[in-house]
> 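Have a look at this one.
In this chain, residues are counted from 1 in sequence order. As the structure is a computational prediction, the values presented were derived from the model and not from experiment. We use all heavy atoms of the structure for the numbers below, so side chains are in, but hydrogens, waters and symmetry mates are not.
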Amino acid sequence: MRVERRHVIYVQGYDPRGLAQYYRMFRTELRKFGRLYQLTATINRPQGTADSETAYWTIDTRANDWQTHTRYEFLRWEDLIQRDLAEPIWRTIFRSTQLFWRIIFNGTLARFWKAHWRFALFIAYPHFMLLVEALASLLIALACGKGLEALGVTGPSNIAVATAVFVAALIALLKFTESRSYLLYLMADMIWTWQFAHRLRPEWDQRIDRFAKNLVDAASSSDADEVVIVGHSSGSFLAVEILARALNLDPDIGRHGPRIALLTIGGNLPIVGFNAAAQDFRDHLRRLAVEPSIDWIDCQARKDVMNFYPFDAITGHGIDVGARRRNPRIVPVRFRDIIEPAHYNVFRWQFFRVHFQFVMANERPHPYDYFMIACGPVPLRERMARPEAAVAIATGDAAARESGWKILEMTTPAAPG
């Protein structure tokens with residue numbers, strides 16, 4: 001099967017930059033993709049829907065012996081995220097600190113540590129940074145108090161001024177360092193995740209329900225050969241929710257239309273699934289684990305501290321479906337294999353940059369290539385089942401490409417799990 005038409009539905013994580021920033025990055029990375037494989041890829045400008053909750057653009061990709069038309073749909077959350085980030089700083093700090101101690105005492109942080117200790121450290125990072133900045137502000141306040149004492153100001157007046165200096169210094173430090181520390185952003189992310197897991201964000205659930213209905217409509221009317229729902233970062237559990245709710249609306253969504261595939265990349269499903277209140281989410285995981293009409297590929301990278309690696313989304317949540325299991329297929333990705341060494345060494349310690357490599361262009365041909373997945377001719381399931389054939393089709397001469405297609409056509413992929 002060669003994909004001539006594909007529909008990609010991209011579910012972003014908790015990223016306030018939204019459509020404009022993502023589209024610019026996508027367009028830039030698409031050019032790199034074309035240069036790497038010596039092919040032509042043209043893209044049009046985004047077009048929004050009437051409700052402004054989705055936008056889409058199309059890409060036409062052409063090589064010597066194949067061409068693929070992709071409709072790339074971007075699901076928008078930035079209005080909801082920006083509303084969260086507009087909360088007063090004191091409220092964000094108070095709620096996040098309260099939640100941090102809560103997940104310590106109820107054992108959730110320990111479960112994070114057991115699943116992936118790097119992610120547990122990442123969860124603790126903003127609170128450690130808050131402590132550092134609070135101590136620095138306290139030193140400034142104490143120095144101010146000592147100065148006032150030298151001037152003869154003592155008692156309640158001294159305490160009041162020192163307290164005001166502490167608060168002002170802390171707020172100033174938080175704002176000044178935010179572009180590098182991401183402290184307030186990560187705290188807001190933590191609050192949102194916990195609230196979402198406990199179903200305290202009805203506006204998110206309502207939008208997910210609308211996206212699930214749109215997915216059902218798209219699958220029933222699309223002329224695509226393949227529909228790929230991509231969930232990156234926190235978008236991984238949002239994509240799971242969208243697809244599971246679409247299955248509730250139409251249990252045969254993957255049987256009467258184009259092939260349906262779920263691709264989770266840089267995922268962090270446990271930050272929802274490990275909450276005791278998230279039983280409905282775990283039920284959705286159970287359903288996807290055994291659904292024969294859906295192919296679920298879960299790509300993970302050890303270098304990315306913002307995803308869980310290695311982690312099995314089914315057994316890791318205590319779900320046992322026995323021999324019926326077929327999803328997900330877990331695919332490890334080594335970023336040093338897809339990026340030139342000089343470039344990799346520049347950003348390997350920048351955790352946000354590493355995290356976004358999942359949706360950026362390769363610098364070396366590799367079975368995991370996000371733009372080949374979105375714009376290339378090989379279906380996602382076959383690409384992961386026969387990676388060497390997929391690479392041969394992308395990079396080989398005419399004989400190698402023909403051999404690669406024969407391998408794919410003669411192979412019936414095993415169940416992803």
> So do the side chains of Cys375 and Leu30 get within less than 4.5 Å of each other, counting heavy atoms only?
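Sidechains of Leu30 and Cys375: in contact.
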> Just wondering, more than 12 heavy atoms not from His256 lying within 6.0 Å of its NE2?
yes
> Between CZ of Phe94 and CD of Glu87, what distance do you get to the nearest 0.5 Å?
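Phe94 CZ to Glu87 CD: 13.5 Å, rounded to 0.5 Å.
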> Report yes or no: do Gln98 and Arg95 form a side-chain donor-acceptor pair below 3.5 Å?
no
> Can any side-chain N or O of Gln357 pair as donor or acceptor with the backbone N or O of Ala361 at less than 3.5 Å?
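Checked: pair present.
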> Would you say CG of Asp397 has more than 12 non-hydrogen atoms from neighbouring residues, nucleotides or ligands within 6.0 angstrom?
yes
> Report yes if some heavy atom in the side chain of Trp204 is under 4.5 Å from a heavy atom in the side chain of Leu238; otherwise report no.
yes
> Hey, could you give me the OG/CZ distance between Ser96 and Arg102, rounded to the nearest 0.5 Å?
13.5 Å
> Is the shortest distance from a Lys or Arg side-chain nitrogen in Lys175 or Glu178 to a carboxylate oxygen in the other one below 4.0 Å?
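So Lys175 does not pair with Glu178 through a salt bridge.
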> Could I get the full list of ring-ring contact (aromatic ring centres under 6.0 Å, His included) partners for Tyr22, not counting sequence neighbours?
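With neighbours one apart ignored, the set is Tyr10, Phe74.
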> Test Leu380 against every option in Val3, Leu262, Leu263, Val230 by the side-chain contact (heavy atoms from CB on, under 4.5 Å) rule and name the one that passes.
Leu263
> For the OG atom of Ser181 and the CZ atom of Phe128, what is their distance to the nearest 0.5 Å?
12.5 Å
> Charged N to carboxylate O under 4.0 angstrom, Arg2 versus Glu4?
no
> In this structure, which one of Phe26, Tyr56, Tyr23 forms a ring-ring contact (aromatic ring centres under 6.0 Å, His included) with Tyr72?
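Only match with Tyr72 under ring-ring contact (aromatic ring centres under 6.0 Å, His included): Phe26.
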> Measure the spacing between CD1 of Ile393 and CG of Asp65 and express it to the nearest 0.5 Å.
8.5 Å
> Aromatic ring centroids of His317 and Phe274 under 6.0 Å?
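Between His317 and Phe274, the centre distance is under 6.0 Å.
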> Check whether Phe356 forms a cation-pi arrangement with Arg17 (NZ or CZ under 6.0 Å from the six-membered ring centre, at most 45° off the ring normal).
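That pair qualifies as a cation-pi contact.
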> Among Asp84, Leu99, Leu186, Leu200, find the one that has a side-chain contact (heavy atoms from CB on, under 4.5 Å) with Ile191.
Leu99
> Kindly indicate whether the side chain of Arg210, heavy atoms from C-beta on, has any atom under 4.5 Å from the side chain of Asp51.
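No. Closest side-chain heavy atoms not under 4.5 Å.
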> Evaluate the criterion side-chain contact (heavy atoms from CB on, under 4.5 Å) for residue pair Gln21 and Asp15; output intermediate values, then yes/no.
CA-CA 10 Å; Gln21 178 74 18; Asp15 188 345; over 6 Å; no
> Mark yes or no for whether Arg5, through its side chain, and Arg71, through its backbone, hold a donor-acceptor pair below 3.5 Å.
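No, because the side chain of Arg5 does not come within donor-acceptor range (under 3.5 Å) of the backbone of Arg71.
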> Taking 4.0 angstrom as the limit, do Glu291 and Arg255 come out as a salt bridge?
yes
> Is the backbone of Pro328 close enough, under 3.5 Å, to the side chain of Arg326 for a donor and an acceptor to pair up by distance?
no
> For Glu340, does the CD atom have more than 12 heavy-atom neighbours from other residues, nucleotides or ligands under 6.0 Å away?
yes
> Can you check whether Ala224's main-chain N or O pairs, donor with acceptor, with Arg6's side chain at less than 3.5 Å?
no
> Would you confirm whether Thr49, through its side chain, and Thr54, through its main-chain N or O, come within 3.5 Å as a donor-acceptor pair?
yes
> Using modelled atom types only, decide if a donor and an acceptor are shared between the side chain of Asp369 and the backbone of Met372 within a distance under 3.5 Å.
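Side chain of Asp369 to backbone of Met372: a pair is present.
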> side-chain contact (heavy atoms from CB on, under 4.5 Å) between Arg348 and Arg353: does it pass, once the steps are laid out?
CA-CA 8 Å; Arg348 60 181 300 188; Arg353 173 61 181 82; over 6 Å; no
> Counting only heavy atoms from other residues, nucleotides and ligands, does the tally under 6.0 Å from CZ of Phe352 exceed 12?
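Correct, the count exceeds 12.
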> Checking Arg199 against Phe196: charged group under 6.0 Å from the ring centre and within 45 degrees of the axis?
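Satisfied, under 6.0 Å and within 45°.
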> Quick check: closest heavy atoms across Val359 and Phe371, and the distance to 0.1 Å?
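Heavy atoms of Val359 and Phe371 come nearest at O-CE1, 3.7 Å.
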> What are the two closest heavy atoms between Val346 and Ala342, and how far apart are they?
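Closest approach of Val346 to Ala342, heavy atoms only: CG2-O, 3.3 Å.
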> Determine, for Asp209 against Arg245, whether the closest basic-nitrogen to carboxylate-oxygen distance falls under 4.0 angstrom.
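Salt bridge between Asp209 and Arg245, a charged N being under 4.0 Å from a carboxylate O: yes.
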> Taking atom NZ as the centre, does Lys213 end up with more than 12 heavy-atom neighbours from other residues, nucleotides or ligands that are less than 6.0 angstrom away?
no
> If I compare all heavy atoms of Thr70 with all of Ala374, which pair ends up nearest, and what's the gap?
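For Thr70 and Ala374, the tightest heavy-atom pair comes out as OG1-O, 2.8 Å.
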> Are side-chain heavy atoms of Leu39 and Trp66 found at a separation under 4.5 Å?
yes
> For the CD atom on Glu388, are there more than 12 heavy atoms of other groups (residues, nucleotides or ligands in this structure) within a distance under 6.0 Å?
yes
> Name the orientation class of the two ring planes belonging to Phe119 and Phe112 (parallel below 30°, tilted from 30 to 60°, perpendicular beyond 60°).
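Phe119 vs Phe112 ring planes: perpendicular.
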> Mind checking whether His355 and Phe358 have parallel, tilted or perpendicular rings, split at 30° and 60°?
perpendicular
> Under 30°, 30 to 60°, or over 60°: which ring-plane class applies to Phe311 and Phe308, parallel, tilted or perpendicular?
tilted
> First locate atom CG of Asp280, then atom CZ of Arg282, and finally report the distance between them rounded to the nearest 0.5 Å.
8.5 Å
> Using a 3.5 Å distance criterion without hydrogens, assess whether the side chain of Asn307 forms a donor-acceptor pair with backbone atoms of Ile265.
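Pair absent, no side-chain N/O of Asn307 close to backbone of Ile265.
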> State whether the side chain of Arg329 and the backbone N or O of Arg381 hold a donor-acceptor pair below 3.5 Å, judged by distance alone.
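The answer is no, because no donor-acceptor pair under 3.5 Å joins these two groups.
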> Would you check if the distance from the ring center of Phe237 to the ring center of Trp192 is below 6.0 Å?
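Yes, the ring of Phe237 comes within the 6.0 Å limit of the ring of Trp192, centre to centre.
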> Start with the C-alpha gap between Arg207 and Glu203, add the side-chain angles, then the distance that decides, and say whether salt bridge (Lys or Arg N to Asp or Glu O under 4.0 Å) holds.
CA-CA 6 Å; Arg207 190 165 297 188; Glu203 69 276 23; over 6 Å; no
> For Leu19, does its backbone N or O pair with a side-chain atom of Glu78 as donor and acceptor, under 3.5 Å?
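Here the side-chain-to-backbone pair exists.
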> Indicate the atoms forming the closest heavy-atom contact of Leu109 with Ile123, along with that distance.
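Heavy atoms only, the tightest pair is CD1-CG2, 4.0 Å.
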> Donor-acceptor pair, Gln82 side chain versus Pro16 backbone, under 3.5 Å?
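Answer holds: yes.
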> If you measure from CD on Gln12 to CG on Leu75, what distance do you get to the nearest 0.5 Å?
8.5 Å
